[in-house]
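Letters A, B, ... mirror the listed sequences (proteins, then strands); counts begin at 1.
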There are 2 protein chains.
Amino acid sequence: MKRADSDLNVAREATSLRLLVEKRLRTAIGDGTFKPGQRLIERELCEQTGVGRTSIREALRQLEAEGLVDTVPHRGPVVSTITADEAEQLYELRAMLEGFAGRECARKRDPQILARLRKQFEIMGQVARQDDRSDLLAAKTEFYAAMLEGCGNVFVQRFLNMLLNRVTLLRMTSMTQKNRIDHSLKEIETILVAIETGDVDGAERACVQHIHNAAAIAVAALRKNEATAANESKIR
Amino acid sequence: MKRADSDLNVAREATSLRLLVEKRLRTAIGDGTFKPGQRLIERELCEQTGVGRTSIREALRQLEAEGLVDTVPHRGPVVSTITADEAEQLYELRAMLEGFAGRECARKRDPQILARLRKQFEIMGQVARQDDRSDLLAAKTEFYAAMLEGCGNVFVQRFLNMLLNRVTLLRMTSMTQKNRIDHSLKEIETILVAIETGDVDGAERACVQHIHNAAAIAVAALRKNEATAANESKIR
DNA sequence: AATGAGCATATTGTCAGACAATCTGTCAAT
DNA sequence: ATTGACAGATTGTCTGACAATATGCTCATT
């Protein structure tokens with residue numbers, strides 16, 4: 001990631017069909033159009049998107065590498081599922097990486113980043129009471145994005161993005177609980193303040209704590225699901 | 001990762017052409033057959049491997065997702081290069097992840113893992129004096145692999161593998177320096193002992209330290225390279 | 001000599017069609 | 001209920017084709 005002195009970057013709008021397909025599929029998986037465990041059949045995707053198998057398949061390879069789909073040989077790709085154990089591991093890693101990001105943001109205190117963080121935080125406060133939580137989610141996403149950029153480590157950035165993509169597979173969780181929103185906002189405020197005041201340890205701790213809390217809820221919900229699913233399969 | 005009670009697993013030898021190609025390309029990049037910055041031309045790859053464009057392209061997409069190649073639109077893939085800054089970031093993340101792996105190994109102390117670690121360490125001691133360093137490298141790789149498995153977090157495992165793949169792009173470094181080998185062995189011993197004695201903090205610290213040392217050398221070498229390269233381009 | 005226009009070539013991006021290999025479910029036979 | 005065979009569905013892979021784009025070269029112009 002090089003940066004020209006004066007920012008007249010023409011960021012190479014790398015637009016190719018397969019990238020569009022990739023993005024399209026990613027969001028389709030993210031927003032639940034394709035549910036975890038669902039098979040993705042090439043021919044159907046071709047029809048739905050109107051592009052050839054080549055592009056579809058290449059896009060799928062990319063998603064596969066990111067762990068968003070699992071490809072079973074001679075059976076094709078299915079949207080990844082995630083077990084409670086894996087989710088626990090995912091959050092564990094995410095806590096570590098996001099802790100790092102928070103720490104680095106607090107250390108660098110890049111004014112641009114600080115401004116973005118605060119702006120998104122304020123938006124969150126404004127839209128928290130809405131029934132429709134999509135605005136809140138968007139603001140939160142933006143908040144994280146700013147923090148990622150602020151950490152200045154492209155690898156952390158990339159990996160965290162991959163993790164976040166997979167977290168969206170567990171959408172039902174964290175935010176569904178009503179008063180969790182208030183808690184969540186408080187935690188985010190703690191993060192923000194720590195970053196703004198340059199409290200590196202505090203920022204890291206706050207991030208880790210925030211993820212841990214989210215993880216606890218998500219994992220518990222997953223475990224419950226798995227338990228009932230196991231029972232049902234017993235009955236059958 | 002499910003495990004049958006008695007191990008008669010037929011671990012689905014998922015062998016498809018594109019996976020073979022993928023592996024082949026990965027090692028070709030790793031062992032320097034394809035040098036950083038080199039273009040990879042589809043048709044040439046087809047001829048060299050004897051497979052069709054389809055499989056080649058899909059394999060390339062996978063490598064692209066792993067960051068081993070950069071694909072420039074309408075120009076095709078080139079073997080990734082890495083700047084000194086990026087290398088620094090890479091090592092920073094690697095230190096964090098490997099520190100975590102070390103800590104977890106020390107906490108769990110799975111006998112199987114411990115045995116593997118020690119075995120590889122002893123092999124290292126035996127082959128350290130050879131001129132040909134490939135045996136040493138192999139043992140080291142195995143040591144890391146064992147540590148990764150031991151950490152019990154599939155995501156950490158996966159990400160670290162990706163990072164390690166990219167580190168091999170910087171092969172010239174760390175090990176080239178003669179007495180660095182001795183230092184390195186000592187550091188690894190420190191790691192091993194800490195893990196064996198269950199000293200979680202010590203294990204983490206030792207891992208981080210080990211990577212930091214390797215990083216220092218690698219990054220310095222890279223910076224030097226970049227400086228001379230910059231000069232040469234000035235002359236020209 | 002340096003600049004710029006325009007053309008030729010190389011290579012990727014994408015498609016369609018084809019066929020073998022493999023998986024899955026069904027149905028008959030035991 | 002278990003087994004075995006068959007048929008249909010889907011992937012894995014190849015081939016050939018063509019448009020879109022990037023790069024390098026030639027040549028005229030200044």
Length of the CG-P vector between Leu20(A) and dG13(C), whole Å:
13 Å
Do any N or O atoms from the side chain of Thr81(A) and from the backbone of Gly37(A) form a donor-acceptor pair under 3.5 angstrom?
no
Counting the atoms with a prime plus P, OP1 and OP2 as sugar-phosphate, which does Thr54(A) contact under 4.0 Å by heavy atoms, base, sugar-phosphate, or nothing?
base
In this structure, how many angstroms lie between the C1' atom of dT11(D) and the CG atom of Leu19(B), rounded?
13 Å
Whole-Å distance between dT23(D) P and Arg39(B) CZ?
8 Å
Distance check needed: dG12(D) P versus Glu58(A) CD, whole Å only.
14 Å
Could you identify which residues of residues 41-48 of chain A place a heavy atom less than 4.0 Å from some atom of DNA chain D, listed by residue number, or say none?
Ile41(A), Glu42(A), Arg43(A)
May I ask you to establish whether Arg94(B) and Tyr144(B) are in a cation-pi arrangement, using a distance under 6.0 Å from NZ or CZ to the six-membered ring centre and at most 45° from the ring axis?
yes
Test your reading of the model: is there a side-chain donor-acceptor pair from Arg103(A) to the backbone of Glu98(A), 3.5 Å cut-off?
no
What integer distance in Å separates Leu60(A):CG from dG12(D):C1'?
13 Å
Does dT11(D) have its OP1 or OP2 closer than 4.0 Å to a side-chain nitrogen or oxygen of Ser16(B)?
no
Evaluation steps, salt bridge (charged side-chain N to carboxylate O under 4.0 Å, His left out), between Lys119(B) and Glu142(B)
CA-CA 10 Å; Lys119(B) 181 173 166 206; Glu142(B) 253 304 306; over 6 Å; no
Arg26(A) side, atom CZ; Thr168(A) side, atom OG1 - distance, nearest 0.5 Å
10.0 Å
Whole Å only: how far is the CZ atom of Arg18(B) from the P atom of dC14(D)?
12 Å
From CG of Leu40(A) over to P of dG12(D), roughly how many Å is that when rounded to an integer?
13 Å
If you assign Arg53(B) and Arg53(A) each to the DNA chain D nucleotide with the nearest heavy atom, which residue ends up on the more 5' nucleotide?
Arg53(A)
If you find the nucleotide of DNA chain C closest to Arg75(A) and the one closest to Pro77(B), which residue's nucleotide is nearer the 5' end?
Pro77(B)
Quick one: does any side-chain atom of Ser80(B) pair with a main-chain N or O of Gly67(B) as donor and acceptor, under 3.5 Å?
yes
Could you tell me whether Ile56(A) contacts a base, only the sugar-phosphate backbone, or nothing, with contacts defined as non-hydrogen atoms closer than 4.0 Å?
nothing
Here the salt bridge (charged side-chain N to carboxylate O under 4.0 Å, His left out) pairs for residues 144-161 of chain A, sequence neighbours left out, are Arg116(A)-Glu149(A)
For atom NE2 of His74(A) and atom P of dT22(C), their distance in whole Å
5 Å
Arg57(B) side chain N/O closer than 4.0 Å to the phosphate oxygens (OP1, OP2) of dG13(C)?
yes
